[in-house]
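Read the structure below first, then the notes.
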There are 2 protein chains.
Amino acid sequence: MTIITLLTSMKFKPMKIQLLLTGDELMSGHIVDSNSAMVAQLLSDEGYPISRKVTVGDDLSGLIEELDQLSSNSDVLIVNGGLGPTIDDLTAQALAMLIGKPLAQNPTALQHLQAWCKQRKSTLNEANLKQTILPQGVGIIPNPCGSAVGFSIQYKQCLIICTPGVPSELRAMIEQTIIGLLVTKFPITAVPKMLRFQTFGLGESKLQQLISKEIPNWPPQVQLGFRAGGILLEVKLIIDSKEYIDAHLKCYQQLQRLIGDYIIGSDEVNLSEAVINLLNNKNQQLTVAESCTGGLIASSITEIAGASAVFEAGFVTYSNAMKHKILGVNENTLDQHGAVSKEVVTEMATQALTISSADYVIAVSGIAGPSGGCKIKPVGTVWIAWGSSSEIKTQHLVVKGNRQRFQHRVAAIALDLIRRELLDIENSPSYFS
Amino acid sequence: MTIITLLTSMKFKPMKIQLLLTGDELMSGHIVDSNSAMVAQLLSDEGYPISRKVTVGDDLSGLIEELDQLSSNSDVLIVNGGLGPTIDDLTAQALAMLIGKPLAQNPTALQHLQAWCKQRKSTLNEANLKQTILPQGVGIIPNPCGSAVGFSIQYKQCLIICTPGVPSELRAMIEQTIIGLLVTKFPITAVPKMLRFQTFGLGESKLQQLISKEIPNWPPQVQLGFRAGGILLEVKLIIDSKEYIDAHLKCYQQLQRLIGDYIIGSDEVNLSEAVINLLNNKNQQLTVAESCTGGLIASSITEIAGASAVFEAGFVTYSNAMKHKILGVNENTLDQHGAVSKEVVTEMATQALTISSADYVIAVSGIAGPSGGCKIKPVGTVWIAWGSSSEIKTQHLVVKGNRQRFQHRVAAIALDLIRRELLDIENSPSYFS
């Protein structure tokens, strides 16, 4: 979970942007704050990195003090939260008291609210109206997807920008207005350029070792970073000036050659998207027969727009009886080898192919736990079958992690195995074993 | 996403705990910080709420300044991150410089590391050894699941506690050592007590209005809060002293009567768990036939341990051909009414019941988008069928949101409809329409 800087550390701009997050729900620990990561990522992609974040609860005097302190040592202060209709939404009030301006009904905000209510055929109530009472002199930041507008004001040497806590509204304001405000006020010449791709099956430390060993003369102008968010490991290369564009591309290509088969795709692609694209290119279809993943593979495929072109059917056969009844797995096979066996997943795969008339198939059967394991087949044991009517391959794995992690890892491995099949890649990684 | 305080705001303890999170990966926005929510929740459950969080990148002088400032106005400062083996892990160094003590090899930390390596049959390397070089005079916080120990030291009037960024290690240290440190140093008499339950189908503002209107004499000792995390809305009631236990319980019961059918269950229960529990109580089974949700309902059921007792099979019939072939939906019905119709979901439900021999069924067919909509059936249109062999009910909805949000909302609505069915509740909410 670290972004390593192999050689020099890079600074894009000396200006200082701070982020102030407000809300009791952020302090109580009942909400995980994802807004600050979103703000940081959207802004640093444009060359405006956040240098410090402060989070506080809903308390008026504390908030005023915080606004005072942070604005006195930032060029830009982005305040997130506290714009809602309830009494604990204090941002406008705190800002008004700090800058010494009265609160008054803002005509632009009122207009927005009226249009918003009209569009949703709801009536304006007093709680909503609170969202139009803003410090005098603020500039309005339109909110295309919510009732509360954002607003900004220059206070001493700091531009204070107030934004709502609802993630979709925050994102829209940043993309549609706030980046523009920053660009106008703080024009920058060197926007960082990023090339990135997603990998699966190689750990971060292994990858670091491999790169240090195989590409020893890494140029200092190209910053290498990793991000291990969920299942995939993202690799990214950043430069802060156009003049390094050749080195950037060269490193990117070297890395691609080095990591090869482990690369799922560029940018933000995930495993199911990659599989869908490959199937689309071949004009072929996939079916899945799931036991221990219980629909997770089907659902991760169908959450992608356009899945219907390559996916017509999936089978969730959780019990032995249903493996027999729906898929036609032989009862003798189930009796002799048990549901978690090479023989059963092979039959599941073959039958799912036949019933669905698909070209490719994935079948999984395993023990997700926490119960159901035994000495010979402990919790985490899984058999995966994959392939097409010409050949069904199988693999046995013991995948660690609690029930949900097991299911997500097995789904990812199964998708990666069919991805490799679609690409005619012979070998496969040792995955999480 | 607000926790409202209907009447008085409550303070559990006048002591001040601040949290300092360090790491470039937290500033870049590529990592969502879940540690601070975990720390806040674990500590406030014991009566030690966090009052302020600050997040900064890996920069030595900045870190020292931050440590200095924060420790000068806290009773306790918990530092998270920067204990790893790489050069950008700076916490020990910054702390040593702040408190004016030399860095030296800590014998307890070394012993721990040696035992750790021995247990994992790995050899001690120089990078690891860095984790044993700590400021002189610190107390060691054992790490039961990682190589880096934590440490603490009293500096002026502040107890500084340094912890690792790996979530499992952080959690173990808090539970096994840090809470004990706090209890010894800051004994408290009043631990907050919380009662909470999950609701579905009522918006936060509607619920607030309802409570204000129906329970006007809410006692000031009972703090009411809401949390709208994902699909469910959590309602919680907090008191900070045992003497209010009667008022606490009375409010809880009043609220339960008021909100009634919308309550999914207490504590952290979710919709699929609630449905599984109800089915278990009746010793009955559920099957699902999914089109637009593509396996999401099956997967949200099977991610719960013990699902196999009530769930044997699910059908993901994404195309018309598969609705006919696998479920036996009549081709004429599909032709005449289209896949997204009352008639088709009813047939899907009936047939899924028959094939699976389950007692209850959910079937959904809709248009998840972004394409596939038309004037009569816009994106977001969905038909849900649910019930048992004695009666299949249906409902038509238009559910807003992008593809994934649509799928999650439809899955939740479908689970809620079958939950109401299992509880013999006649009416159903208007949900997201």
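Labels below follow one simple rule: chain letters A, B, ... track the order of the sequence lines, proteins then strands, and each chain is numbered from 1.
Using a 4.5 Å cut-off between heavy atoms, B/Ser51 contacts chain A through its backbone alone, with no side-chain atom that close. In this structure, the portion of B/Ile304 lying under 4.5 Å from any heavy atom of chain A is its backbone and not its side chain. Residue B/Ile326 touches chain A through its side chain alone, counting heavy-atom pairs closer than 4.5 Å. Contact annotation for B/Thr293: only backbone heavy atoms (N, CA, C, O) come within less than 4.5 Å of a heavy atom of chain A. Of the atoms belonging to B/Gln404, it is side-chain heavy atoms, and not backbone ones, that fall under 4.5 Å from chain A. With a threshold of 4.5 angstrom between heavy atoms, B/Glu290 does not approach chain A through any atom at all. Proximity to chain A involves both the backbone and the side chain of B/Ala305, based on heavy atoms less than 4.5 angstrom apart. The part of B/Thr317 that comes within reach of chain A is its backbone (N, CA, C, O), which places non-hydrogen atoms under 4.5 angstrom from that chain.
The nearest pair of heavy atoms linking A/Ala37 to B/Val32 is CB-CG2, 3.8 Å. The nearest pair of heavy atoms linking A/Tyr318 to B/Phe311 is CD2-O, 3.4 Å. Counting all heavy atoms, side chain and backbone alike, A/Ala321 lies closest to B/Glu312 at CB-OE1, 3.9 Å. The shortest non-hydrogen separation linking A/Arg52 to B/Val54 is NE-CG1, 3.7 Å. Closest non-hydrogen pair, A/Ala307 versus B/Arg403, comes out as CB-NH2, 4.5 Å.
Not a single donor-acceptor pair under 3.5 Å links the side chain of B/Lys325 to the backbone N or O of A/Ser356. Side chain of B/Lys53 to main chain of A/Val56: no donor-acceptor pair is present (N/O by atom type, distance under 3.5 Å, no hydrogens or angles). Checked by atom type and distance alone, the side chain of B/Ser299 never pairs as donor or acceptor with a backbone atom of A/Gly295 at under 3.5 Å.
Here the CD-OG1 distance, from B/Gln407 to A/Thr302, works out to 5.0 Å after rounding to the nearest 0.5 Å. Here the CE atom belonging to B/Met322 is positioned 9.5 Å from the CD1 atom belonging to A/Ile355, to the nearest 0.5 angstrom. Once rounded to the nearest 0.5 Å, the distance linking OG1 of A/Thr55 with CG of B/Leu19 reads 8.5 Å.
Residue with the most contacts toward chain A among B/Ser357, B/Gly294, B/Gly306: B/Gly294 (heavy-atom pairs, distance under 4.5 Å).
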